[in-house]
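Take a look at the structure set out below.
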2 protein chains.
Amino acid sequence: MNLHHPDTSELELPAVLHALSDPQRLEIVRELAASAAPVTCGSITLGVAKSTMTHHYRVLREAGVIRQERRGTTKLTELRRDDLDARFPGLLDAVLSSSPVHA
Amino acid sequence: MNLHHPDTSELELPAVLHALSDPQRLEIVRELAASAAPVTCGSITLGVAKSTMTHHYRVLREAGVIRQERRGTTKLTELRRDDLDARFPGLLDAVLSSSPVHA
DNA sequence: AAAGAAGTTCTACGAACGTCGTACAATCGG
DNA sequence: CCGATTGTACGACGTTCGTAGAACTTCTTT
């Protein structure tokens with residue numbers, strides 16, 4: 001099964017905002033942003049089931065927020081920073097600079 | 001019935017992003033941003049029913065994106081620019097500067 | 001008072017969402 | 001080859017969402 005990634009020009013703002021509007025996915029994005037290098041799916045542990053994680057990764061990928069690539073049994077995930085910045089300048093920075101777990 | 005508006009410190013990023021993740025609501029926000037002065041609900045016409053508009057206004061208000069005030073039979077609506085900028089710097093600008101109806 | 005205008009509330013309905021468990025596929029290490 | 005690891009596919013569940021119509025409230029205007 002090939003992983004579909006939308007082209008930069010195809011990124012839609014409502015879809016991106018929706019992808020980022022879930023606390024779990026927001027946390028995933030924050031962790032991806034924190035580590036410069038691509039990261040395996042399993043290395044981010046929220047309190048949810050594996051299949052739920054798969055679901056969240058797919059939402060993020062189909063919205064164009066992350067890029068994923070199979071690498072053996074694992075899968076490397078990274079933020080599409082440049083693409084997002086090109087298409088929606090300032091958006092990702094604004095989201096990431098907000099207090100992670102706020103008062 | 002009193003309209004509840006969350007305090008600036010209570011604004012939550014997921015809620016704001018979710019409020020902005022609907023195309024109709026995004027359009028409302030864009031129109032509010034375009035006109036400096038507060039605007040009556042009915043002056044923004046999308047292709048949806050009145051009750052649907054009421055619903056969208058409520059979602060935006062409860063997320064803290066807009067402020068509403070009764071004024072006779074009409075209701076004035078305005079963007080909470082300052083509050084949003086204070087809580088999530090750059091977010092609203094990034095959202096508004098994206099192509100309104102993209103290719 | 002009567003009529004109209006502007007929104008709200010209530011209810012309903014189909015669609016989408018977040019979550020999970022189970023079963024499965026693919027790959028790596030011995 | 002066998003087992004362990006890593007992640008996916010599928011189906012199910014309860015919840016939330018976006019939408020609408022109809023009845024209602026509130027205020028203005030005549």
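Below, read A as the first sequence line, B as the second, and so on, with proteins coming before strands; counting in each chain starts at 1. Given the structure is predicted, the values throughout are model-derived calculations rather than measurements.
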Can you check the B:Ile44 CD1 to C:dG7 P distance for me, whole Å?
11 Å

Under 4.0 Å from OP1 or OP2 of D:dG7: is there any side-chain N or O of A:Gln68 that close?
no

Please tell me which of the listed nucleotides, C:dC17, C:dG7, D:dA20, lies nearest to the side chain of B:Lys50?
C:dG7

If you take all heavy atoms of A:Thr77 and A:Cys41, which pair is closest and at what distance?
OG1-SG, 3.8 Å

Can you say whether a donor on the side chain of B:Ser51 sits under 3.5 Å from an acceptor on the base of D:dG21, or the other way round?
yes

Tell me: CZ of B:Arg58 to P of D:dT19, nearest whole Å?
14 Å

Measure CD/B:Glu69 against P/C:dA6 and give the value in whole Å, please.
18 Å

Interatomic distance where CG belongs to B:Leu46 and C1' belongs to D:dA20 [whole Å]:
15 Å

Just checking A:Thr74: base, sugar-phosphate only, or nothing, at a heavy-atom cut-off of under 4.0 Å?
sugar-phosphate

Can you identify which nucleotide, out of C:dG18, C:dC20, D:dA20, has its nearest atom closest to the A:Val48 side chain?
C:dC20

With distance as the sole criterion, do the side chain of A:Thr73 and the base of C:dA26 form a donor-acceptor contact below 3.5 Å?
no

Let's go through A:Arg25 and A:His56 carefully: what are the C-alpha distance in whole Å and the side-chain angles of both, what is the deciding distance for side-chain hydrogen bond (donor to acceptor under 3.5 Å, both in side chains) to 0.1 Å, and is it a yes or a no?
CA-CA 6 Å; A:Arg25 290 194 289 264; A:His56 286 316; 3.1 Å; yes

To the nearest angstrom, how far is A:Ile28 atom CD1 from D:dG7 atom C1'?
14 Å

Atom pair distance, as rounded to whole Å: OH in A:Tyr57 and C1' in C:dT19:
16 Å

Would you kindly confirm whether A:Leu76 and A:Leu60 end up in one hydrophobic cluster when ILVMFWY residues are joined by side chain heavy atoms under 4.5 Å apart?
no

The answer to which of A:Val59 and B:His55 contacts DNA chain C further toward the 5' end, by nearest nucleotide, is B:His55

Rounded to the nearest Å, what distance is computed from the CZ atom of residue B:Arg70 to the C1' atom of nucleotide C:dG7?
7 Å

From CZ of B:Arg71 over to C1' of C:dG7, roughly how many Å is that when rounded to an integer?
16 Å

Using a strict 4.0 Å threshold on nitrogen-to-oxygen distance, state whether A:Arg81 and A:Asp93 make a salt bridge.
yes

Which is true for B:Arg25 with a 4.0 Å heavy-atom rule: it touches a base, it touches only sugar-phosphate, or it touches nothing?
sugar-phosphate

Quick one: label A:His56 by what it contacts on the DNA or RNA (base, sugar-phosphate, nothing), any heavy atom closer than 4.0 Å.
sugar-phosphate

Closest listed nucleotide, where the reference is the side chain of B:Asp22 and the choices are C:dC17, D:dG18, D:dA20:
D:dG18

So do A:His5 and A:Gln68 actually touch side chain to side chain, heavy atoms under 4.5 Å?
yes

